[in-house]
Student: 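Pasting a structure below so you can have a look.
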Amino acid sequence: MIQAVMTSPGVIEYRDIPRPLLSENEVLIEIKRIGICGSDIHVFHGLHPYTSYPIVQGHEVSGIVADLGPEVEHVAVGDKVTFTPQVTCGQCYPCLHGMYHICESLKVMGFQANGAAQELFAVDADTVLRIPDHISLDHAAMIEPISVAVHALSRGGDVEGKNVLVLGAGTIGNLVAQVAKALEARAVLITDIREYRLAKALQCGIDYAVNPTGQDLATAIRRDLGPDRADLILECVGAQATIDDAVANARKGTTVVVVGVFGQKPRVDLGLVQDRELSLVGTLMYQKRDYERAIELVAGGQLCLEPMITHHVRFTEYLSAYQTIEEANGKSMKVMVVLD
Ligand SMILES: [Zn+2]
Ligand SMILES: [Zn+2]
């Protein structure tokens, strides 16, 4: 079977490797879709600080169960599935206290452990979740980024009835905003400096979309969310300007969730955090329960995913995923690698 290996930044080699052997509690998945995200793009460019080469990419995945170890009971051959791409130690403080997603030795498939960019992939059965038949393979591969959004919102407390401000309308920002709506936020305002992304957000049903380079954000927040402004703010970019926007536009007592990954150390006005009694909280990835919630949301038709999947490329032309993203020049969202 064929495996796509990134041997160095920007270079993918196809290797013919033996079919994986299954241990007792493993599931063999025939991989069908692999979503490409911003972290993959960093790996492609050699800019991911915690990835070395060679590496097999692929962490936003859907597929069909091809075989089972003898102890596996919760899925069957032929089931549509996805899996959580985390490898954890099971022994550190977070692992022993229900927070394995922030394991001290966390390895993420596609970055510090090999991912699923191959025809058949064996994973621990505990990480595998069944996807209802009516969910498409494309949408099933979106469960991973949706789970990022579900977990991020859980870090901000109860969303129902709240005014939510989401800074950044890329895939994660868009999904955070959509999940906030699905969790019955009162109103959701999203920002981005790219009109393309704002148009996508509106197409996906987000209430308000604002380009802060074209209008004053503080004014827009009062206009769209009302005088009480935002109860919950999610920074989904990882840039100085957006963490500034988050803290500067927080009302007293607002919670700011830091979702974006910061390449450079930002300066944060901690004086405002103190004086306004802000809650500034981080969020990393997800747990299996976030996947379960994400699957429920998709199964219930509560998210609008179709406009977000902008391109498909073939597995045999993996590199063209990155070329497509570059050529789209900001006008792409989720690129799916397809295996038939
Ligand atoms: Zn991703
Ligand atoms: Zn651990």
Side-chain angles (χ1 to χ4, degrees), residues 3 5 17 19-31 34-35 37 39-40 42-43 48-63 65-77 79-118 120-131 140-141 143-155 172 257-259 261 281-296:
Q3 179 183 58
V5 189
I17 59 162
R19 180 186 168 107
L21 291 173
L22 284 188
S23 65
E24 312 244 290
N25 195 40
E26 280 189 323
V27 177
L28 189 67
I29 302 172
E30 192 183 336
I31 302 298
I34 303 171
C37 81
S39 303
D40 296 314
H42 284 311
V43 173
H48 197 286
Y50 308 112
T51 297
S52 51
Y53 305 82
I55 186 77
V56 179
Q57 297 197 294
H59 64 286
E60 305 181 2
V61 180
S62 66
V65 174
D67 200 359
L68 302 169
E71 285 180 8
V72 182
E73 290 180 341
H74 73 292
V75 289
V77 171
D79 280 355
K80 195 180 287 178
V81 291
T82 186
F83 58 88
T84 54
Q86 297 139 310
V87 182
T88 59
C89 79
Q91 282 156 30
C92 67
Y93 184 92
C95 277
L96 292 174
H97 291 81
M99 299 177 287
Y100 68 85
H101 65 295
I102 48 172
C103 169
E104 298 284 0
S105 336
L106 178 68
K107 290 191 174 81
V108 181
M109 293 176 196
F111 303 94
Q112 299 84 34
N114 275 343
Q118 54 192 54
L120 293 163
F121 190 60
V123 287
D124 192 308
D126 298 337
T127 68
V128 177
L129 295 99
R130 207 178 84 77
I131 302 287
I143 296 298
E144 196 270 358
I146 297 165
S147 302
V148 171
V150 169
H151 187 73
L153 283 158
S154 77
R155 298 283 296 148
I172 295 296
V257 182
V258 183
V259 190
V261 178
V281 300
T283 178
L284 182 77
M285 298 187 79
Y286 36 67
Q287 292 197 358
K288 202 172 175 184
R289 62 168 180 252
D290 300 306
Y291 259 57
E292 288 162 354
R293 191 78 183 97
I295 292 168
E296 276 172 24

Student: Should we say atom CD of Glu73 is surrounded by more than 12 heavy atoms from elsewhere, each under 6.0 Å from it?
Tutor: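 Count not over threshold, so no.
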Student: Calculate, to the nearest 0.5 Å, the distance between atoms CD1 and CG belonging to Ile31 and Leu120 respectively.
Tutor: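 Output value for this atom pair is 8.0 Å.
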Student: Flag the pair Leu284 / Leu106 as yes when at least one side-chain heavy-atom distance between them is below 4.5 Å, and no otherwise.
Tutor: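 In contact.
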Student: Side chains of Ser62 and Lys80, heavy atoms from C-beta outward: is any pair under 4.5 Å?
Tutor: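 No - every pair of side-chain heavy atoms lies 4.5 Å or more apart.
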Student: Before giving the answer on side chain to side chain contact (heavy atoms under 4.5 Å, CB included), spell out for His59 and Cys37 the whole-Å C-alpha distance, their side-chain angles and the decisive distance to 0.1 Å.
Tutor: CA-CA 9 Å; His59 64 286; Cys37 81; 3.4 Å; yes
Student: For a 4.5 angstrom cut-off between non-hydrogen side-chain atoms, does Thr283 reach Val258?
Tutor: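 A side-chain contact under 4.5 Å is absent here.
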Student: How far apart are the C-alpha atoms of Val81 and Leu129, what are their side-chain angles, what is the distance that settles it, and do they pass the side chain to side chain contact (heavy atoms under 4.5 Å, CB included) test?
Tutor: CA-CA 6 Å; Val81 291; Leu129 295 99; over 6 Å; no
Student: Regarding Arg289 and Glu292, does a basic nitrogen lie under 4.0 Å from an acidic carboxylate oxygen?
Tutor: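 Judged by the 4.0 Å cut-off on N to carboxylate O distance, Arg289 and Glu292 do not form a salt bridge.
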Student: When the ring planes of His48 and Tyr50 are compared, do they come out parallel, tilted or perpendicular, using 30° and 60° as the limits?
Tutor: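 Judged by the thresholds at 30° and 60°, the geometry between His48 and Tyr50 is perpendicular.
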Student: Indicate yes or no: at least one non-hydrogen side-chain atom of Glu60 is less than 4.5 angstrom from one of Pro145.
Tutor: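 In short, these two side chains touch, coming nearer than 4.5 Å.
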Student: Would you name the heavy atoms of Gln287 and Gly98 that are closest together and state the gap between them?
Tutor: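 Smallest interatomic distance, heavy atoms only, reads NE2-O, 2.7 Å.
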Student: Quick one: pull up NE2 in His151 and CG in Leu153 and give me the separation to the nearest 0.5 Å.
Tutor: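 His151 NE2 to Leu153 CG: 10.5 Å, rounded to 0.5 Å.
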Student: Do His74 side-chain atoms and Val128 backbone N/O form a donor-acceptor pair below 3.5 Å?
Tutor: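 Here the side-chain-to-backbone pair exists.
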Student: Using every non-hydrogen atom in the two residues, find where Ala122 and Glu26 come nearest and quote the distance to one decimal.
Tutor: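 Closest approach of Ala122 to Glu26, heavy atoms only: CB-OE1, 4.1 Å.
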Student: Which atom names give the shortest non-hydrogen contact between Val72 and Ala125, and what distance separates them?
Tutor: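 In this case the closest contact between Val72 and Ala125 is CG2-CB, 3.7 Å.
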Student: Taking the side chain as every heavy atom from C-beta outward, state whether Tyr291 and Val150 have any pair of such atoms under 4.5 Å apart.
Tutor: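 When only atoms from C-beta onward are counted, Val150 and Tyr291 do not touch, as no gap falls below 4.5 Å.
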Student: Can you give me the closest heavy-atom contact between Val259 and Ala152, atom names plus distance?
Tutor: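 In terms of heavy atoms, the two residues are closest at CG2-CB, 3.9 Å.
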Student: With Tyr286 as reference, evaluate Arg293, Gln86, Glu144, His101 under the side chain to side chain donor-acceptor pair (under 3.5 Å) test and give the passing residue.
Tutor: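 That would be Glu144.
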Student: Minimum heavy-atom separation for Gly90 and Cys95, please, with both atom names.
Tutor: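 Smallest interatomic distance, heavy atoms only, reads N-SG, 3.2 Å.
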Student: Could you please spell out the steps behind the side chain to side chain contact (heavy atoms under 4.5 Å, CB included) verdict for Ile55 and Val5?
Tutor: CA-CA 6 Å; Ile55 186 77; Val5 189; over 6 Å; no
Student: With a 3.5 Å distance limit and no angle check, can you tell me whether Asp124 reaches the backbone of Asp126 through a side-chain donor-acceptor pair?
Tutor: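 Here the side-chain-to-backbone pair exists.
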Student: Return the CD1 to CD1 distance between Ile131 and Ile295, rounded to the nearest 0.5 Å.
Tutor: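 Taking CD1 in Ile131 and CD1 in Ile295, the distance rounds to 4.0 Å.
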Student: Between Tyr53 and Val43, is there a donor-acceptor pair closer than 3.5 Å when you use the side chain of the first and the backbone of the second?
Tutor: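 Between the backbone of Val43 and the side chain of Tyr53 there is a qualifying donor-acceptor contact (under 3.5 Å).
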Student: Ignoring hydrogens and angles, tell me if any N or O in the side chain of Thr82 forms a donor-acceptor pair with the backbone of Val61 under 3.5 Å.
Tutor: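 Yes; judged by distance alone, with no hydrogens or angles, the pair exists.
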Student: Quick check for you: to the nearest 0.5 Å, what is the distance between Lys288 atom NZ and Thr84 atom OG1?
Tutor: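 Between atom NZ of Lys288 and atom OG1 of Thr84 there are 7.0 Å.
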Student: Using 0.5 Å steps for rounding, measure from the CD atom of Gln57 to the CE atom of Met109.
Tutor: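 Answer rounded to 0.5 Å: 14.5 Å.
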Student: I'd like to know if the side chain of Asp67 and the backbone of Leu28 have a donor-acceptor N/O pair within less than 3.5 Å.
Tutor: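 Checked: no pair found.
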Student: Rounded at 0.5 Å granularity, tell me how far CD in Glu30 sits from CZ in Phe121.
Tutor: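 Between atom CD of Glu30 and atom CZ of Phe121 there are 14.5 Å.
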Student: Specify the closest pair of heavy atoms between Val56 and Ala117, including all atoms of both residues, with the distance to one decimal.
Tutor: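 Heavy atoms only, the tightest pair is CG1-N, 3.6 Å.
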